[in-house]
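Each remark here refers to the structure printed beneath this line.
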Amino acid sequence: MKFLTRTVWILSFISLLTDVASEMLYPIMPIYLKSIGFSVLLIGILEGIAEATAGLSKGYFGKVSDSSGRRAPFIRLGYTLSALSKPLMAVTIFPVWIFLARTVDRLGKGIRTGARDALLSDEATPDTKGRVFGFHRSMDTIGAVAGPSLALLYLYVYPTSYSPLFLLAFIPGVLAIGLSFF
């Protein structure tokens, strides 16, 4: 499988680890937020702002990455912001800080996505592009399955103990940051 270059493998494992971290938290996020006093309306506003941040920043940072011709700094910064935001949600219960942490997580996604996809595209030929992106997506999906599974196991043993789960989700995020330097 010579279409799987070192860069494709690394980016795919980074995505897998980041998805493990993120998907450990997404299913329990509304329950956690409700337990610290957020109303359903406030949870909806928080998620709307966070996702709007990701959506709007993808185009902007993709263009900046293209203009600069550099990919790695955007990828590294994006994954770092996402990883650092996880423990922040466990440390504080103040709504402003929760909004900030959640928005920083999604801003990280916006910063990294265009640069990561461009780097994957640079690693592929016209004949291998589908396989490269398919492999990357499959690794991402494995992380999306592993994350909730790990969270479910954790919550089975420690029901309603949400804050430590945010700290545990930091571990695969840190591993992803470390991989980004390769």
Side-chain angles (χ1 to χ4, degrees), residues 9-58 61 74-113 116 135-182:
W9 275 102
I10 290 171
L11 286 173
S12 297
F13 271 107
I14 290 170
S15 288
L16 181 147
L17 289 168
T18 301
D19 251 31
V20 166
S22 295
E23 297 295 337
M24 283 175 77
L25 303 179
Y26 291 155
I28 61 116
M29 189 74 70
I31 299 164
Y32 170 70
L33 292 173
K34 193 110 170 86
S35 77
I36 62 171
F38 274 64
S39 68
V40 173
L41 177 64
L42 201 54
I43 293 169
I45 291 169
L46 167 66
E47 287 303 310
I49 290 171
E51 290 304 323
T53 300
L56 294 172
S57 61
K58 282 179 189 178
F61 286 104
F74 294 93
I75 294 167
R76 201 169 290 125
L77 176 62
Y79 283 114
T80 299
L81 289 175
S82 291
L84 292 176
S85 70
K86 308 282 189 284
L88 291 177
M89 304 233 350
V91 175
T92 182
I93 60 169
F94 297 112
V96 172
W97 285 108
I98 298 289
F99 268 86
L100 181 65
R102 186 73 179 107
T103 302
V104 164
D105 176 39
R106 297 292 79 195
L107 178 63
K109 182 175 182 64
I111 291 170
R112 72 179 181 253
T113 300
R116 182 203 61 215
F135 177 75
H136 178 267
R137 190 71 196 137
S138 69
M139 294 292 278
D140 199 53
T141 302
I142 290 169
V145 171
S149 300
L150 290 170
L152 186 62
L153 280 171
Y154 171 84
L155 290 172
Y156 180 77
V157 177
Y158 304 103
T160 70
S161 185
Y162 303 118
S163 291
L165 189 58
F166 284 85
L167 299 174
L168 286 173
F170 184 55
I171 295 168
V174 168
L175 293 173
I177 294 169
L179 270 179
S180 75
F181 286 95
F182 292 99

Could you check whether any side-chain heavy atom of [X] comes within less than 4.5 Å of a side-chain heavy atom of [Y], counting everything from C-beta outward?
{"X": "L100", "Y": "V96", "value": "no"}
{"X": "I10", "Y": "F181", "value": "no"}
{"X": "Y26", "Y": "E47", "value": "no"}
{"X": "V104", "Y": "L88", "value": "no"}
{"X": "R102", "Y": "E51", "value": "yes"}
{"X": "I75", "Y": "L11", "value": "yes"}
{"X": "K86", "Y": "M24", "value": "no"}

Review point. Would you say the side-chain atoms of T18 and R112 include a donor-acceptor pair closer than 3.5 Å?
Key: no
Which atoms form the tightest heavy-atom contact between [X] and [Y], and what is the distance?
{"X": "A83", "Y": "V174", "result": "CB-N, 4.4 Å"}
{"X": "A21", "Y": "G173", "result": "CB-N, 4.1 Å"}
{"X": "P172", "Y": "V20", "result": "CG-CG1, 4.0 Å"}
{"X": "A144", "Y": "E23", "result": "CA-CG, 3.6 Å"}
{"X": "A101", "Y": "S85", "result": "O-CB, 3.2 Å"}
{"X": "T103", "Y": "F99", "result": "OG1-O, 2.7 Å"}

ask   = Which word best sums up how the rings of Y32 and Y162 line up, parallel for under 30°, tilted for 30 to 60°, or perpendicular for over 60°?
value = perpendicular
Worksheet item: Got a sec: does the CZ of F13 have more than 12 other heavy atoms crowding it under 6.0 Å?
Response: no
The single option from T160, L33, L155 that satisfies side-chain contact (heavy atoms from CB on, under 4.5 Å) with I28 is L155
Only residue of R137, R116, M139 satisfying side-chain contact (heavy atoms from CB on, under 4.5 Å) with S15 is R116
L77 and L81: CA distance, side-chain angles, deciding distance, side-chain contact (heavy atoms from CB on, under 4.5 Å) verdict:
CA-CA 6 Å; L77 176 62; L81 289 175; 4.0 Å; yes
Test item: S82 side-chain N/O and D105 main-chain N/O as donor-acceptor pair under 3.5 Å
yes
- Task: Give a yes or no answer on whether the side chain of R76 reaches the backbone of S180 with a donor-acceptor pair at less than 3.5 Å.
- Result: yes
Derivation of the side-chain contact (heavy atoms from CB on, under 4.5 Å) call for L107 and F61: CA-CA 10 Å; L107 178 63; F61 286 104; 4.0 Å; yes
Hey, could you give me the [atom1]/[atom2] distance between [X] and [Y], rounded to the nearest 0.5 Å?
{"X": "I98", "Y": "I93", "atom1": "CD1", "atom2": "CD1", "result": "8.5 Å"}
{"X": "F170", "Y": "I177", "atom1": "CZ", "atom2": "CD1", "result": "6.0 Å"}
{"X": "K34", "Y": "S39", "atom1": "NZ", "atom2": "OG", "result": "7.0 Å"}
{"X": "R106", "Y": "S22", "atom1": "CZ", "atom2": "OG", "result": "5.5 Å"}

Are L150 and L168 close enough, and set up right, to give a side-chain contact (heavy atoms from CB on, under 4.5 Å), and what steps lead you there?
CA-CA 10 Å; L150 290 170; L168 286 173; over 6 Å; no
task = Would you check if the distance from the ring center of Y158 to the ring center of Y154 is below 6.0 Å?
result = yes
